[in-house]
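Numbering of ligands and ligand atoms starts at 1, following listing order.
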Amino acid sequence: MPTIKEILNTMEYGPAPESTKEAQAWLEQHGRAFGLFIDNQWSEPGELFASTNPADAAKLADLTQATGSDVDRAVAAARAAQPGWQALGGHGRAKVMYSLARLMQKHARLFAVLETLDNGKTIRETRDVDLPLVARHFYYHAGWAQLQAEEFADYRAVGVVGQIVPWNFPLLMLSWKIAPAMAAGNTIVFKPAEFTSLTAMLFAEICVQAGVPAGVVNIVTGDGRVGEAIVNHPGIDKLAFTGSTEVGRLIRIATAGSGKKLSLELGGKSPFIVFDDADLDAAVEGLVDSIWFNQGQVCCAGSRLLVQESVQDKFLAKLRARMDKLTLGSPLDKSMDIGALVDPVQQQRIAGLVESARAEGCEVYQPKCEIPANGSWFPPTLITGASTSAAVAQAEIFGPVLVAMSFRTPPEAVQLANNTVYGLAACVWTENISLALDVAPQIKAGVVWINTANQFDAACGFGGYRESGFGREGGREGMYEYLTAKSEDARPATPVVEAKAKAKASAPAAGGAFAIDRTAKLYIGGKQARPDGAYSRAIHGADGAFIGEVGEGNRKDIRNAVEAAHKAGGWAKATSHNRAQVLYYIAENLAARGEEFAARIAAMTGSRNAEKEVQASIERLFYYAAWADKYDGLAHQPPMHGITVALNEPVGVIGIVCPNESPLLGFISLVAPAIALGNRVVVVPSEAHPLSATDLYQVFDTSDLPDGVVNIVTGSADELARTLATHSDIDAVWRHDGSAEGCAEVERLSAASLKRTWVGGAKGRDWYSTAQSGGRAVLAHASQVKNVWIPYGV
Ligand code: NAI
């Protein structure tokens, strides 16, 4: 028997196992075999697959591999239930969701044990992190249901949503998906990951107890084939996916042109930056929470340690000492830090990556710990000496493996932090608040934790930049993912007359390409530029008469324009007051030449409303100038001692293909919100009527608009849109020229670098209507939310 002094010296605890009695009894009660949960009914178990405990490889239960017709039934049930669920009203839905939250709390221990059995994560985490957050998510969103009519009055539910989640946080991801969808009035077809479906089965039972009406929540189990059936189902209006970037890409391609709303929460390779003035001991603890939480199977794990060179040795020594103390073993033992990996497949994948790093000469540090004989395990691992381009430094390992690198200066830290295709999260450790708040906005990531790590809350949006996906979960912004602006329903069909004009402009007989003479040039980097191909196209008026020529832009012109846009990065840092001033100035200079612009519109389109269009364009510039310094972020107060600042950041460089109708107003309605929020744009003006845009060059030149903020490339909308969608340095593409096929192509091609897209499809837009062509919905397309967590330090 050790003395108390000895215990305090070694800090070793005896085992403290959690009982599995209730969870095993619950599994027994179901005969260890589950059917599907559709329309509040359980189907008989069908073709089965096993779910095992990754900590000892023992089988827990069998689950049903859903078929295509099961998915059909689930979608049909959800469709039938949606109007009733909507009609229940905000308060009605809030009551049901509140009841769900209460029941989740009541059964928290059973859920936690079942999750640990199924996933292998420690009971400490399921009990103290996952379950409290799950309940919080339902409470918080019950609140949004209650306030929906007031706070989202101009929006309606999207309809039937398909939701697919991974295995790393089975129940937490379920709540992140289902709670906002329910709150907004949608009905749901949900698919858990095939490794970890059991807590979703228990949740289905809780739904019945909580009084969730039949068909509101439908749960189908199975592998990726079931996911595909949901993705491709025509009855699904919106898809929300969390998982690997590869599958996210497939889903983007599969849904292109379908009109389905889409949010993707994908992989990451998040940096954990330690400056030399950081509280190093606290940073070590933060790192433990960042990379060894859930065995590193966390999309936002701080898997790349960037430590300032001057403290590198000291910090790594502390880190190794801490790693030596991490306990690995039965996830049901309350004193374990590290549990089992979800499946041997993951264990082999991780081991392969670590071995390849070793073979490349990296140093691999692993504490001596006893690995249990059965199940899938991997010790905490630190890799040093990897080059920035090494596979372990770039690929998402999704395991307890940390790769450490050093930097000398803050700019170098930012550069290394951003040296990844991902952009999910980052941690910044420093005692210098100025440095922290200087670095946070420069990191391309959806979440930045200052002096903390892996904090989550329902009130604070979560989601990525770049190839980490798009869309947010949590907070007000998360609600918009499950809502559609009512104004969208009234969008008109694209006017046929404009389509004819477009055909005429590009028909070779009327205006085939010919060697360049005097022509409206392109506008790149604040200068008029001849098109690279030295070709132009003729533009004819509504009466068929030749009225001018514009340059025929090509791939190289777009490349030059994108380069110019990147050079104009200072625009993102300009004050919003300054950006508003420039927009007002553009409006003023446009007004001074109003008659000339009206005459041009009339000549191109035959419109009798040309003057009205110019006036509306001036007003739209005022409108977005007004918004420029009012589209502020939020300061959330999550349940912690601190704040989370939600910043609305620009998306970056946006490629825009403008509509043919209202060629000036359409152009302004898309360009103005983008630049108001600090984006730079590469714009393809109306293919049929581009001269209003080329006439704007002089307006821009005299309005203090910095060079490269707006770049204009005229020519074929299809060809240029294709180039925009495939260009790797463009962050988003908007296409609104009414070409359904063209829009689908933009969505499909954007999948390669997971750009954000905003496409109009076959429908047009009333460009005069602020409801359809303005408002927060448009500003949301022009921005992305970064949540910066700032705990108070005392
Ligand atoms: P995955 O992306 O294949 O699976 C996630 C979910 O998507 C599962 O429910 C799966 O059944 C479903 N799915 C698979 N193929 C599908 C398809 N074609 N269409 C629709 N749904 C489909 O992830 P997986 O295979 O479980 O893990 C592989 C790697 O992905 C991990 O090692 C990790 O690197 C990464 N990953 C990243 C996650 C994140 O949150 N960022 C979560 C899970 C995995």
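Closest to atom 25 (O) of ligand 1 among all protein heavy atoms lies W167 NE1, 4.8 Å. For atom 21 (N) of ligand 1, the closest heavy atom belonging to the protein is G227 CA, 3.5 Å. Looking only at heavy atoms of the protein, atom 13 (N) of ligand 1 is closest to G224 CA, 3.6 Å. Atom 16 (C) of ligand 1 has its closest protein heavy atom at V247 CG1, 3.5 Å. For atom 43 (C) of ligand 1, the nearest non-hydrogen atom of the protein is P166 CB, 3.3 Å. For atom 1 (P) of ligand 1, the closest non-hydrogen atom of the protein is S244 OG, 3.6 Å. Counting only heavy atoms of the protein, atom 12 (C) of ligand 1 lies nearest to I164 CG2, 3.7 Å. Of the protein's heavy atoms, F398 CZ, 3.3 Å lies nearest to atom 38 (C) of ligand 1.
Ring geometry for F34 against H30 counts as parallel: the plane angle stays under 30°, on a 0 to 90° scale with 60° as the upper cut. The aromatic rings of F37 and W42 sit tilted, their planes meeting at an angle between 30° and 60°.
Atoms of ligand 1 lying under 4.0 Å from at least one heavy atom of G267, given by number and element, are 41 (N). Near C299, with a cut-off below 4.0 Å to any heavy atom, the atoms of ligand 1 are 39 (C), 40 (O), 41 (N). Residue contact check: E396 has heavy atoms under 4.0 Å from atoms 33 (C), 34 (O), 35 (C), 37 (C), 41 (N) of ligand 1.
Look at E265 and R472 and you find no salt bridge, because none of the NZ, NE, NH1 or NH2 atoms lies under 4.0 Å from a carboxylate O. We find that R73 and D39 are not joined by a salt bridge, their nearest charged nitrogen and carboxylate oxygen being 4.0 Å or further apart. Under the 4.0 Å criterion applied to side-chain N and carboxylate O atoms, D237 and K260 are not assigned as salt-bridge partners. The pair E246-R249 does not count as a salt bridge, with every side-chain nitrogen at least 4.0 angstrom from each carboxylate oxygen. Checked for salt-bridge contact, E481 and K238 meet the test: a charged N lies under 4.0 Å from a carboxylate O. The pair E396-K269 fails the salt-bridge criterion, with no side-chain N (NZ, NE, NH1 or NH2) lying under 4.0 Å from an Asp/Glu carboxylate O.
Contacts between R349 and ligand 1, counted as non-hydrogen atom pairs separated by less than 4.0 Å, involve the side chain only. At a heavy-atom distance under 4.0 Å, only side-chain atoms of F241, from C-beta outward, approach ligand 1. When heavy-atom distances to ligand 1 are checked against a 4.0 Å cut-off, Q346 comes that close only through its side chain, counted from C-beta outward. Within the 4.0 Å heavy-atom criterion, neither part of T245 lies near ligand 1.
Any N or O atom pair closer than 3.5 Å counts here, and K191 shares at least one such pair with ligand 1. Any N or O atom pair closer than 3.5 Å counts here, and V165 shares at least one such pair with ligand 1. By the 3.5 Å distance cut-off applied to N or O atoms, L266 is counted among the residues near ligand 1. Considering backbone and side-chain atoms together, E265 places no N or O closer than 3.5 Å to any N or O of ligand 1.
A distance-only check finds no donor-acceptor pair linking the side chain of T452 to the backbone of W449 [under 3.5 Å]. In terms of modelled atom types and a separation under 3.5 Å, the side chain of Q163 and the main chain of L239 share no donor-acceptor contact.
Note that atom 4 (O) of ligand 1 has no protein non-hydrogen atoms nearby, at separations under 4.0 angstrom.
Within the 4.5 Å cutoff, the side chain of F398 has no heavy atoms near those of the Q295 side chain.
More than 12 heavy-atom neighbours from other residues, nucleotides or ligands sit within 6.0 angstrom of CD on E285.
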